[in-house]
Amino acid sequence: MGPGCRLHLESSAGRTYLQAFPTAAGTTAKDCAMTYVVTDKCIACKYTDCVEVCPVDCFYEGENMLVIHPDECIDCGVCEPECPVDAILPDTEPDTEHWVEFNRKFSEIWPVIFEKREPAADAEDHEDEEGKLEKYFSEKPGKGS
Ligand code: SF4
Ligand code: F3S
């Protein structure tokens with residue numbers, strides 16, 4: 001979300017969520033678009049609980065993590081609590097800008113995934129590990145749904 005936008009609480013289908021609107025001259029709805037992002041906590045765990053709840057199927061699969069397409073995500077937030085390792089964040093959290101670009105880059109390369117799979121065999125061993133991006137990240141695509 002860029003500058004010149006204002007957050008507003010919206011409610012729909014029994015759920016409350018944040019939407020951003022332009023408030024400054026020259027700021028468009030696209031500048032204010034929000035998204036959720038997958039962070040490096042997903043790497044080497046890849047539980048895939050998140051894909052089952054996404055109403056617009058905007059998760060994409062790499063070899064050992066998933067990403068969200070920022071332009072397809074409708075900011076509903078239902079995936080965030082599904083992730084057992086809290087790998088999913090809204091881009092309203094601090095320091096998420098680089099994760100938006102990371103998610104965008106790989107969502108345009110990797111195949112879509114909308115069916116839950118078995119997690120990585122040693123997923124539990126990697127849940128609280130630091131430095132997973134440097135140690136394990138692979139640019140290779142996953143199988144997709
Ligand atoms: Fe899908 Fe909603 Fe999560 Fe965006 S916030 S990835 S639309 S479930
Ligand atoms: Fe990854 Fe969490 Fe989804 S570990 S695959 S973001 S449920």
Side-chain angles (χ1 to χ4, degrees), residues 1-3 5-22 27-145:
M1 186 177 72
C5 307
R6 182 173 57 86
L7 291 172
H8 191 263
L9 272 180
E10 298 280 314
S11 293
S12 175
R15 200 186 146 72
T16 303
Y17 54 95
L18 279 172
Q19 282 281 359
F21 297 95
T27 302
T28 66
K30 194 168 183 352
D31 297 326
C32 296
M34 287 171 57
T35 185
Y36 280 70
V37 292
V38 183
T39 66
D40 55 346
K41 288 187 174 183
C42 178
I43 296 172
C45 289
K46 204 169 149 184
Y47 282 106
T48 69
D49 301 65
C50 52
V51 305
E52 286 205 314
V53 299
C54 181
V56 294
D57 296 339
C58 64
F59 281 91
Y60 293 81
E61 184 186 10
E63 187 177 33
N64 58 15
M65 80 173 288
L66 305 189
V67 289
I68 291 168
H69 196 306
D71 297 341
E72 296 174 3
C73 173
I74 60 169
D75 314 316
C76 69
V78 298
C79 57
E80 184 184 11
E82 295 298 317
C83 178
V85 291
D86 299 328
I88 301 174
L89 296 175
D91 73 346
T92 46
E93 291 285 317
D95 303 323
T96 49
E97 291 90 348
H98 70 288
W99 286 116
V100 176
E101 290 321 306
F102 183 99
N103 277 242
R104 180 186 303 284
K105 175 179 176 181
F106 290 102
S107 64
E108 289 173 354
I109 299 170
W110 293 343
V112 70
I113 174 170
F114 48 82
E115 288 167 328
K116 181 170 166 53
R117 297 244 191 76
E118 288 298 310
D122 51 356
E124 287 184 15
D125 297 339
H126 296 295
E127 284 187 358
D128 299 315
E129 193 172 345
E130 298 289 326
K132 293 201 281 184
L133 188 68
E134 296 75 18
K135 286 191 257 186
Y136 307 121
F137 177 66
S138 164
E139 295 198 9
K140 290 182 190 164
K143 289 181 292 193
S145 286

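We count ligands from 1, going down the list as the structure has it; atoms in each ligand are counted the same way. For the single chain, residues carry numbers from 1 onward in sequence order.
Contacts with ligand 1 closer than 4.0 Å are made by side-chain heavy atoms of V56 only, the backbone lying farther away. Under 4.0 Å from ligand 2, not a single heavy atom of V51 appears.
Side-chain atoms of P141 and P111, non-hydrogen and from C-beta on, do get closer than 4.5 Å to each other. Inter-residue side-chain proximity for W99 and D40 is flagged as met; some heavy-atom pair is nearer than 4.5 Å. Contact annotation: the side chain of T35 never approaches that of N103 to less than 4.5 Å [non-hydrogen atoms, C-beta and beyond].
Using a distance-only test at 3.5 Å, with no hydrogens or angles considered, no donor-acceptor pair links the side chain of K46 to the main chain of A123. When atom types are taken as modelled, the side chain of S145 and the backbone of E115 share a donor-acceptor pair closer than 3.5 angstrom. Between the side chain of W110 and the backbone N or O of E139, at least one donor-acceptor pair lies under 3.5 Å. In terms of modelled atom types and a separation under 3.5 Å, the side chain of K116 and the main chain of T48 share no donor-acceptor contact.
Taking the six-membered ring where the residue is Trp, Y136 and H126 present perpendicular rings, their angle passing 60° and hence far from 30°. Note on ring orientation: taking the six-membered ring where Trp is involved, the planes of F106 and F102 are tilted (angle from 30° to 60°).
Interatomic distance, C73 SG to M34 CE, rounded to the nearest 0.5 Å: 8.5 Å.
Each of the atoms 4 (S), 5 (S) of ligand 2 lies under 4.0 Å from some heavy atom of Y47. Every atom of ligand 1 with a heavy atom of I68 under 4.0 Å away is listed here by number and element: 6 (S). Of all atoms in ligand 2, numbered sequentially from 1 with element shown, those under 4.0 Å from a heavy atom of V85 are 4 (S). If you number the atoms of ligand 2 from 1 as listed, the ones under 4.0 Å from a heavy atom of I88 come out as 6 (S). Near L66, meaning under 4.0 Å from any of its heavy atoms, are these atoms of ligand 2: 5 (S). Less than 4.0 angstrom separates some heavy atom of V78 from each of these atoms of ligand 1: 8 (S). Every atom of ligand 2 with a heavy atom of K46 under 4.0 Å away is listed here by number and element: 4 (S), 5 (S). Close contacts of ligand 2 with C42, meaning ligand atoms under 4.0 Å from a residue heavy atom, involve 1 (Fe), 4 (S), 5 (S), 6 (S). Within ligand 1, counting atoms from 1 as listed, the ones closer than 4.0 Å to a heavy atom of P55 are 8 (S). Of all the atoms in ligand 1, the ones that sit under 4.0 Å from a non-hydrogen atom of G77 are 2 (Fe), 5 (S). The atoms of ligand 1 that sit less than 4.0 Å from any heavy atom of F59 are 6 (S). Every atom of ligand 2 with a heavy atom of D49 under 4.0 Å away is listed here by number and element: 7 (S).
A44 and A120 make their closest contact through O-CB, 3.5 Å (heavy atoms, listed as atom of the first residue, atom of the second, distance). Taking both residues in full, the closest heavy atoms of E72 and V56 are given as O-CG2, 3.5 Å, listed atom of the first, atom of the second, then distance. Taking all atoms of both residues into account, the shortest heavy-atom contact from A87 to C42 is CB-N, 3.5 Å. Closest approach of Y60 and I113 over heavy atoms only: C-CG2, 4.0 Å.
In summary, an N, O or S atom of C83 is located under 2.8 Å from atom 2 (Fe) of ligand 2. At a cut-off of 2.8 Å, C58 is not counted among the residues with an N, O or S atom near atom 4 (Fe) of ligand 1.
In terms of protein heavy-atom proximity, atom 3 (Fe) of ligand 1 is closest to C79 SG, 2.2 Å. The protein heavy-atom contact nearest to atom 7 (S) of ligand 1 is I74 N, 3.4 Å. In terms of protein heavy-atom proximity, atom 2 (Fe) of ligand 1 is closest to C76 SG, 2.2 Å. Taking atom 1 (Fe) of ligand 1 as the reference point, the nearest protein heavy-atom neighbour is C54 SG, 2.4 Å. In terms of protein heavy atoms, atom 4 (Fe) of ligand 1 is closest to C73 SG, 2.4 Å. In terms of protein heavy-atom proximity, atom 3 (Fe) of ligand 2 is closest to C50 SG, 2.3 Å.
The option with the heavy atom closest to atom 5 (S) of ligand 2, from among V38, T39, T48, is T48.
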